[in-house]
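A quick write-up on the structure given underneath.
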Amino acid sequence: MSHRNRTLLLRSASSVFLFVFVLTTSRPAVAQRGELIESLFRTIAEAQLEREQRNRLPTQPPPPTQPSQPRPGNPNQPTNVEIAPSPFPSRADANRATAATQVPRINVRSREAADFAQELVDFYVTVDRLVVDLREHSVRNPSIRPLLPQAYRIAADARTLIQSCDNLASLQPIALPYAELDSRWRQLSFSLRSLDQLDSECSASIRRADQLIASMERRLNIGPQFDRTQLRDLMIVASTCMETLIDDLQLAAISSRDAETLTHDCRLLQQKLLSQAKSVAEGSYEDVVSRFTEFVGQWSPLGRRVAAINDRHLNRRLDRIRDVANQTYALLWIPPPTSAVDVRAASVRLESSVGNILDRLTLRSMVALNPSEQIRVMESSRRLYDQCRQLETATARNASMRDLATTFKKIDADWNSLRASYIQMGTVPNSAIVEIDSVCEQLRQALNVSASSGTPVDLASLVQAAASLEGHAEYLDADVQRFSRYITSQSRRNSLVDGSKDFYIHAKRLHAQLNSRADFGDLQREASHLMDGWEQLSSEINNLQRNGVPTRSAEAMQRAHREMVPFVAQLGAALLQR
């Protein structure tokens, strides 16, 4: 980015949807990136809240007044209770953190609204501090990185919800927007508490946020919240995976009688799952958990019977069903059950998969690597296979989970140090890489082991976000090339055209790097270039009408720009660290 363009960027101000950046030379780049990402997520939260409010207006008329029941508070006489963050005694740097957290100024109209708003402010400040801590710790603990977008979004949602409390007299209008925040936090809290290596400050923030959420639930007289729509969607996805599994059973190398029996049992469970999906909108959290636990108890032995066939295609279907189950566990805040039988099956599968890769390591395949890398790959590959055999032997003699976890950590570290080299060699099919990635993830969850530094991001979701961003960026760039002729200033026209093209190029490169499983450092650098391009592009897009572009054309480009905000936020939160 040229010095002139950066100067223009620092002097530009955005609209409500395009946010405001104030970057000062005295503040570190990490803080600037954090503010940028937080602004993106606040933009998303505010836009979503506005949409929800518009959607509710025509379909939800105000409830009839009930004169027999006194209204809480007097709208004409605000309580004027000062809403400020409560002390956070466990933090050594509480003063610094409080100063960095900008709490919106609000005025409530009843005591119950003031009490609720106070707890919501404390929750926001707690999560905001937690985001800062998580961002710092994610440099050393890669397992945190996939959770950063969720943490940013919850902080943004909480801040937006605080603004919605302005002039609030009763809690009824805030209950529905709060329910979504409640369910998101509970899922994030569960995921964070499932990690190891979190320091005492992060753990204290999580506990405090949990306590505040529970208290706000009691004030609103609602139970624990979870995303019922997402749960229903997960059940439907699992049902589709089971249907594919049934089709693959007909092609497996087993007897027709065995295939018929497995198909019959699988079909019965599939129908039960679909029946539960229809009723997921009803019942309490406890009822839903009970039904899900019962289903898992019936599916587990059937899944083991299918896994015993040891068919590559069937294993992939089982992996997908297991992924959906793990998402459901997280959605309902249930730790996945650990079974020695499943760990044993996964260790056998891991040894077989690693052995298949080693069979492809030939002198000819090593030519793609430099001499020093060839030696490292050969030694690490040999050690990896020996460790896989040790893990299988340990599971056969029923070793403790602690001993199995110790062995697997070595496997995980070696595997992640070898993945990039195997891909570079070109003789190892991508399906074999994915196979081992899947088994390692299964063992991480079963043995409660954090991912090593070679697994930095939730790859599947980021590839999808990058693909969407590339498509939107290409669409916007085409419009920019078409309508830039209206801009009267040659320098402003060049700045817009160059900024749009630059952003599209970086979006395309980042998508390609994620697809090819590039090194995390390369992903970080490309994401940083992407965010630089986004800042410049945002500045130019905001000034389209002022620079001569017709209103309708400018609004179309600004709308396309806004549609990219969620993808830029997700990619930036997951990839941009220190």
Side-chain angles (χ1 to χ4, degrees), residues 139-143 145-146 310 312 315-316 319 343 346-395 403-444 447 449-460 462-463 509-526 575 577:
V139 178
R140 301 181 300 274
N141 188 352
S143 300
R145 293 171 190 154
N310 198 23
R312 183 166 58 91
N315 286 338
R316 293 295 297 275
D319 287 341
V343 173
S347 68
V348 172
R349 183 179 167 193
L350 181 61
E351 183 197 6
S352 174
S353 300
V354 171
N356 290 335
I357 284 187
L358 262 61
D359 290 340
R360 298 176 179 271
L361 296 185
T362 62
L363 292 176
R364 184 176 181 180
S365 65
M366 291 285 181
V367 173
L369 307 176
N370 60 53
S372 61
E373 183 72 2
Q374 293 174 14
I375 297 174
R376 186 193 69 84
V377 168
M378 291 299 295
E379 292 178 350
S380 297
S381 297
R382 187 184 302 111
R383 183 173 61 245
L384 174 66
Y385 183 66
D386 289 341
Q387 290 168 348
C388 289
R389 293 182 62 184
Q390 292 173 17
L391 181 64
E392 183 191 358
T393 302
T395 58
D403 291 341
L404 296 179
T406 300
T407 302
F408 175 70
K409 286 180 180 179
K410 300 175 183 177
I411 294 174
D412 201 29
D414 276 341
W415 167 246
N416 284 297
S417 71
L418 286 166
R419 288 177 73 260
S421 298
Y422 287 157
I423 294 173
Q424 182 181 349
M425 289 164 58
T427 58
V428 178
N430 191 55
S431 59
I433 303 290
V434 172
E435 170 87 1
I436 298 180
D437 284 343
S438 177
V439 182
C440 285
E441 180 59 28
Q442 180 184 349
L443 287 168
R444 285 189 205 103
L447 299 174
V449 172
S450 296
S452 68
S453 58
T455 310
V457 293
D458 180 3
L459 186 63
L462 292 192
V463 168
R509 286 178 183 171
L510 184 59
H511 181 204
Q513 288 185 352
L514 285 166
N515 260 329
S516 63
R517 300 170 178 264
D519 177 75
F520 186 60
D522 294 337
L523 294 175
Q524 283 186 305
R525 283 187 287 274
E526 193 56 47
L575 298 176
Q577 314 301 329

Worksheet item: Any sub-3.5 Å donor-acceptor pair from Thr393's side-chain atoms to Arg389's backbone N or O?
Response: yes
Worksheet item: If only atom types and distance count, is the side chain of Ser417 paired as donor or acceptor with the main-chain N or O of Asp414 below 3.5 Å?
Response: yes
Discussion item. With a 4.5 Å cut-off on side-chain heavy atoms, are Tyr422 and Ser381 touching?
Written reply: yes
Discussion item. Quick check for you: to the nearest 0.5 Å, what is the distance between Phe408 atom CZ and Leu447 atom CG?
Written reply: 7.0 Å
Practice prompt. Would you name the heavy atoms of Val439 and Ala346 that are closest together and state the gap between them?
Written response: CG1-O, 3.4 Å
Fill in: Val348 and Ser352, any side-chain heavy atoms less than 4.5 Å apart
no
Fill in: Chi angles and distances behind the side-chain contact (heavy atoms from CB on, under 4.5 Å) call for Leu418, Ile357
CA-CA 11 Å; Leu418 286 166; Ile357 284 187; over 6 Å; no
Worksheet, complete the sentence: Value for CZ (Arg509) from CG (Leu523), rounded to nearest 0.5 Å, stands at 14.0 Å
Worksheet item: Does Arg382 pair with Glu379 as a salt bridge, N-O distance under 4.0 Å?
Response: no
Worksheet entry | Atom pair OG/CD of Ser347 and Gln442 - distance to nearest 0.5 Å | 10.0 Å
Discussion item. Looking at Asp386 and Arg383, is any side-chain nitrogen of the basic one under 4.0 Å from a carboxylate oxygen of the acidic one?
Written reply: no
Worksheet item: With no hydrogens and no angle check, is any side-chain donor or acceptor of Gln374 less than 3.5 Å from a backbone partner on Met366?
Response: yes
Worksheet item: If you measure from SG on Cys440 to CD1 on Ile411, what distance do you get to the nearest 0.5 Å?
Response: 7.5 Å
Just distance, no hydrogens or angles: give the donor-acceptor pairs under 3.5 Å from side chains in residues 431-438, sequence neighbours left out.
from: Glu435; atom 1: OE1; to: Arg349; atom 2: NH2; distance (Å): 3.3
from: Glu435; atom 1: OE2; to: Arg349; atom 2: NE; distance (Å): 2.8
from: Glu435; atom 1: OE2; to: Arg349; atom 2: NH2; distance (Å): 3.3
from: Asp437; atom 1: OD1; to: Trp415; atom 2: NE1; distance (Å): 2.9
from: Asp437; atom 1: OD1; to: Arg419; atom 2: NE; distance (Å): 3.1
from: Asp437; atom 1: OD2; to: Arg419; atom 2: NH2; distance (Å): 3.2
from: Asp437; atom 1: OD2; to: Arg517; atom 2: NH1; distance (Å): 2.9
from: Ser438; atom 1: OG; to: Asp319; atom 2: OD2; distance (Å): 2.9

Practice prompt. To the nearest 0.5 Å, tell me how far Glu441 CD sits from Asp412 CG.
Written response: 9.0 Å
Item to complete: Measure the CG-CD distance between Leu462 and Gln513 for me, rounded to the nearest 0.5 Å.
Response: 12.5 Å
